[in-house]
K.L.:
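Quick one: this structure, given as C-alpha cells, is what I'll be asking you about.
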Amino acid sequence: MKLLFLNGPNLNMLGIREPDIYGRRTYGDLENYIRSFCGELGIECEIFQSNHEGALVDAIQSAYGRMDGIVMNPAAYTHTSVALLDALKTVGLPAVEVHISDVSKREDFRQVSYVRLACCKTFAGYGFEGYRMAAEFLFVERKRNQKEL
Ligand code: DQA
C-alpha cells in the first residue's frame, strides 16, 4: 500500500508555532514518526509539505494512478479551499483529514472544512498520533475492500 501524506501551510514551523496548541515536536519529528509507523505497517509513504495552495493541488493530482490513499492535514486551507476539495474529488482516492489540534473546540472559522466533503474520515485532536490513526484506517479499509472483491 502506498500513501501520500500532505501537510499544509505553517506545519513546517511545528515546534516553533504556538507550542501550547501544536506541541514542541518539529516537522522533522513528524516526518520521522510517519516513516516509522509506515515501516511497521508495511506502507510505502511519500510525505510533502507546502505553504502554497497550488503546490498542494499539484501533489494531490500527482497521486492519481500512483498512490492508494491520501492522509491530509491541509492546515489553514482546510477552512478556505475549494481547490483542495475539488482536487481530492478529481483523483477520487480514499482520503482522511487530520488535524493535530481539536479544531471542533477552537474558533468558529475552524468549524468549516471544505476537504471533509471528500474525506472518508477525520481525526482531530490526537496530535501526531492522528496521522497513524488515519493510515491504519485506510489500511484496514483497503483490506476490507480487497476481501469483498
Ligand atoms: C491544524 C488546524 C488548523 O485550523 C490550523 O489552521 C493549522 C493546523 C491542526 O493541525 O490542528 O494550521 O490543521
Side-chain angles (χ1 to χ4, degrees), residues 1-41 43-64 66-142:
M1 185 182 201
K2 287 190 192 166
L3 291 183
L4 174 63
F5 290 80
L6 280 183
N7 284 299
N10 300 305
L11 289 168
N12 57 314
M13 298 300 276
L14 283 175
I16 293 166
R17 75 178 289 209
E18 302 178 272
D20 45 320
I21 297 175
Y22 300 111
R24 299 224 170 256
R25 285 183 294 171
T26 65
Y27 185 70
D29 294 335
L30 176 60
E31 285 188 321
N32 290 338
Y33 177 66
I34 292 170
R35 289 212 173 83
S36 111
F37 72 68
C38 282
E40 283 167 28
L41 294 167
I43 292 172
E44 260 182 66
C45 68
E46 266 182 35
I47 309 173
F48 180 71
Q49 187 278 331
S50 179
N51 295 325
H52 304 276
E53 190 175 11
L56 294 165
V57 170
D58 289 343
I60 293 170
Q61 290 184 3
S62 82
Y64 182 73
R66 282 191 322 113
M67 309 302 279
D68 301 304
I70 299 175
V71 174
M72 183 165 200
N73 183 349
Y77 291 138
T78 307
H79 318 299
T80 61
S81 180
V82 177
L84 291 180
L85 167 64
D86 284 350
L88 289 175
K89 284 184 169 176
T90 298
V91 298
L93 289 167
V96 175
E97 175 189 12
V98 172
H99 299 285
I100 293 169
S101 66
D102 185 356
V103 279
S104 74
K105 304 227 163 71
R106 297 182 64 191
E107 301 95 324
D108 285 352
F109 64 84
R110 292 183 210 277
Q111 304 314 311
V112 173
S113 168
Y114 288 95
V115 293
R116 195 165 300 169
L117 299 172
C119 289
C120 46
K121 187 90 183 157
T122 298
F123 294 100
Y126 299 101
F128 285 9
E129 183 64 19
Y131 291 82
R132 185 192 183 105
M133 293 160 93
E136 282 175 353
F137 179 86
L138 289 171
F139 185 82
V140 169
E141 279 290 289
R142 186 156 188 264

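Heads up: numbering here begins at 1 and tracks the sequence. Read the numbers this way: they start at 1 and go in the same order the structure lists the ligands and their atoms.
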K.L.:
What is the closest protein heavy atom to atom 1 (C) of ligand 1, and at what distance does it sit?
P.N.:
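So the nearest neighbour among protein heavy atoms is His99 ND1, 3.7 Å.
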
K.L.:
Salt-bridge test for Glu44 and Arg35: reply yes if a basic N is under 4.0 Å from a carboxylate O, no otherwise.
P.N.:
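No.
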
K.L.:
Identify, for atom 9 (C) of ligand 1, the protein heavy atom at the shortest distance, and state residue, atom and that distance.
P.N.:
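Here the closest protein heavy atom is Ile100 N, 3.3 Å.
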
K.L.:
Looking at ligand 1, is there an atom of it that comes within less than 4.0 Å of some heavy atom belonging to Asn73?
P.N.:
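Yes; Asn73 lies near enough to ligand 1 that a heavy-atom distance drops under 4.0 Å.
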
K.L.:
What verdict does the side chain to side chain contact (heavy atoms under 4.5 Å, CB included) test give for Leu4 and Met72, after you've listed the backbone C-alpha separation in whole Å, the side-chain angles of each residue and the deciding distance to 0.1 Å?
P.N.:
CA-CA 8 Å; Leu4 174 63; Met72 183 165 200; over 6 Å; no

K.L.:
Have a look at Phe128, Tyr22, Tyr131, Tyr77 and point out the one with the heavy atom closest to atom 8 (C) of ligand 1.
P.N.:
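Checking each option, the heavy atom nearest atom 8 (C) of ligand 1 is found in Tyr22.
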
K.L.:
In terms of side-chain geometry, is the basic nitrogen of Lys105 or Asp102 positioned less than 4.0 Å from the acidic oxygen of its partner?
P.N.:
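Yes, Lys105 and Asp102 are salt-bridged.
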
K.L.:
To which of Val98, Val103, Thr78 does the heavy atom nearest atom 2 (C) of ligand 1 belong?
P.N.:
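Checking each option, the heavy atom nearest atom 2 (C) of ligand 1 is found in Val103.
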
K.L.:
Would you check if the side chain of Asn51 reaches a backbone N or O of Asn10 as a donor-acceptor pair within less than 3.5 Å?
P.N.:
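Yes; at least one donor-acceptor contact below 3.5 Å.
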
K.L.:
To which protein heavy atom is atom 5 (C) of ligand 1 closest, and what is the distance rounded to 0.1 Å?
P.N.:
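Ranking protein heavy atoms by distance from atom 5 (C) of ligand 1, first comes Arg110 NH1, 3.3 Å.
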
K.L.:
Would you check whether Arg17 has a nitrogen or oxygen atom less than 3.5 angstrom from a nitrogen or oxygen atom of ligand 1?
P.N.:
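Yes, since at least one N or O of Arg17 sits under 3.5 Å from an N or O of ligand 1.
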
K.L.:
Between Glu141 and Lys121, is there a side-chain N and carboxylate O pair less than 4.0 Å apart?
P.N.:
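Salt bridge absent between Glu141 and Lys121.
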
K.L.:
What protein heavy atom is closest to atom 11 (O) of ligand 1, reported as residue, atom name and distance in Å?
P.N.:
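Nearest protein contact, heavy atoms only, for atom 11 (O) of ligand 1 is Ser101 OG, 2.6 Å.
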
K.L.:
Counting only heavy atoms not in Asp108, do more than 12 sit closer than 6.0 Å to its CG atom?
P.N.:
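No, not enclosed.
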
K.L.:
Could you list the atoms of ligand 1 found under 4.0 angstrom from a heavy atom of His79?
P.N.:
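Those qualifying, in numeric order: 3 (C), 4 (O).
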
K.L.:
Would you say CZ of Phe48 has more than 12 non-hydrogen atoms from neighbouring residues, nucleotides or ligands within 6.0 angstrom?
P.N.:
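Count over threshold, so yes.
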
